[in-house]
Amino acid sequence: MSIELIELAKMGDKPAFDEVIRNCAPDLYRIAMSILKNKDDADDVVCDTVVKAYENLYKLKDCGFFKTWIIRILINQANTAHKRRKKIIFLSDASQEPQYEDVYNLGNEDLSMAVANLNFEFRTVISLYYFQNMKIKEIASALQIPAGTVKWRLSKAKSILQKELVKFREGLANV
């Protein structure tokens, strides 16, 4: 994504903003899906993120950090949606249909399920680090937490994933 295009968008060029959003929308959607595990919530969060980004683009100080900036907005919106959703019990959630779509196609159903079952904080850092190829400092900036906390969450999440996969493999060996 070109910095010039972002600068044009920042100066009020709507087609430039549209192009910038078109370029980063797939990443935003994948992050939202990996965090929220629900297509409708992910769609809403991405839309809310785009609106907030448009309304606040003038606050962006360095156009080179646009992606980190918009991901931070997305994560804040996802946190809000996650908190709101925890308070509501939907009848459709009781159905047998899985709501999580493997947008990363990990090629390993067990790993995909293990990642999907991680708690919100761990799933977020795993998604940003491994699926969005963000650096620790970028994740720390996006989540507004210390880099050490990001490292700890990554380590803890990997440990949990490893234990879950070992349990699954042991279960297969006993069959």
Side-chain touch [X]/[Y], heavy atoms, less than 4.5 angstrom:
X      : Y      : result
Leu154 : Ile136 : yes
Gln132 : Ile31  : yes
Ser159 : Lys163 : yes
Phe66  : Ile71  : no

Drop me the distance from [X]'s [atom1] to [Y]'s [atom2], to the nearest 0.5 angstrom.
X      : Y      : atom1 : atom2 : result
Ile139 : Lys151 : CD1   : NZ    : 11.5 Å
Ile145 : Glu121 : CD1   : CD    : 9.0 Å
Arg22  : Asp18  : CZ    : CG    : 5.5 Å
Glu19  : Asn23  : CD    : CG    : 5.0 Å

Least distance between heavy atoms, [X] atom then [Y] atom:
X      : Y      : answer
Ala157 : Ile126 : CB-CG1, 3.5 Å
Glu7   : Cys63  : CG-SG, 3.5 Å
Leu161 : Val115 : CD2-N, 3.6 Å
Asp48  : Gln77  : CB-OE1, 3.6 Å
Ala142 : Ile75  : CB-CD1, 4.2 Å
Arg153 : Phe122 : O-CD2, 3.6 Å

According to a hydrophobic-cluster definition based on side-chain heavy atoms being under 4.5 Å apart (Ile, Leu, Val, Met, Phe, Trp, Tyr only), do [X] and [Y] belong together?
X      : Y      : value
Leu60  : Ile70  : yes
Val20  : Tyr54  : yes
Val51  : Leu57  : no
Leu165 : Tyr130 : yes
Trp152 : Leu143 : yes

Has the side chain of [X] got a donor or acceptor atom that lies under 3.5 Å from a matching backbone atom of [Y]?
X      : Y      : answer
Ser127 : Arg123 : yes
Thr49  : Val45  : yes
Thr124 : Phe120 : yes
Arg72  : Ser141 : yes
Lys67  : Cys24  : no
Asn56  : Lys59  : no

Return yes when atom [atom1] of [X] has more than 12 non-hydrogen atoms of other residues, nucleotides or ligands closer than 6.0 Å, and no otherwise.
X      : atom1 : value
Tyr129 : OH    : no
Phe65  : CZ    : no
Lys10  : NZ    : yes

- Message: Please determine whether a side-chain nitrogen of the Lys or Arg among Lys39 and Asp43 lies less than 4.0 Å from a carboxylate oxygen of the Asp or Glu.
- Response: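 Yes, charged N to carboxylate O under 4.0 Å.
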- Message: Under 4.0 Å between a side-chain nitrogen and a carboxylate oxygen: does that hold for Lys135 and Glu138?
- Response: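 No, Lys135 and Glu138 are not salt-bridged.
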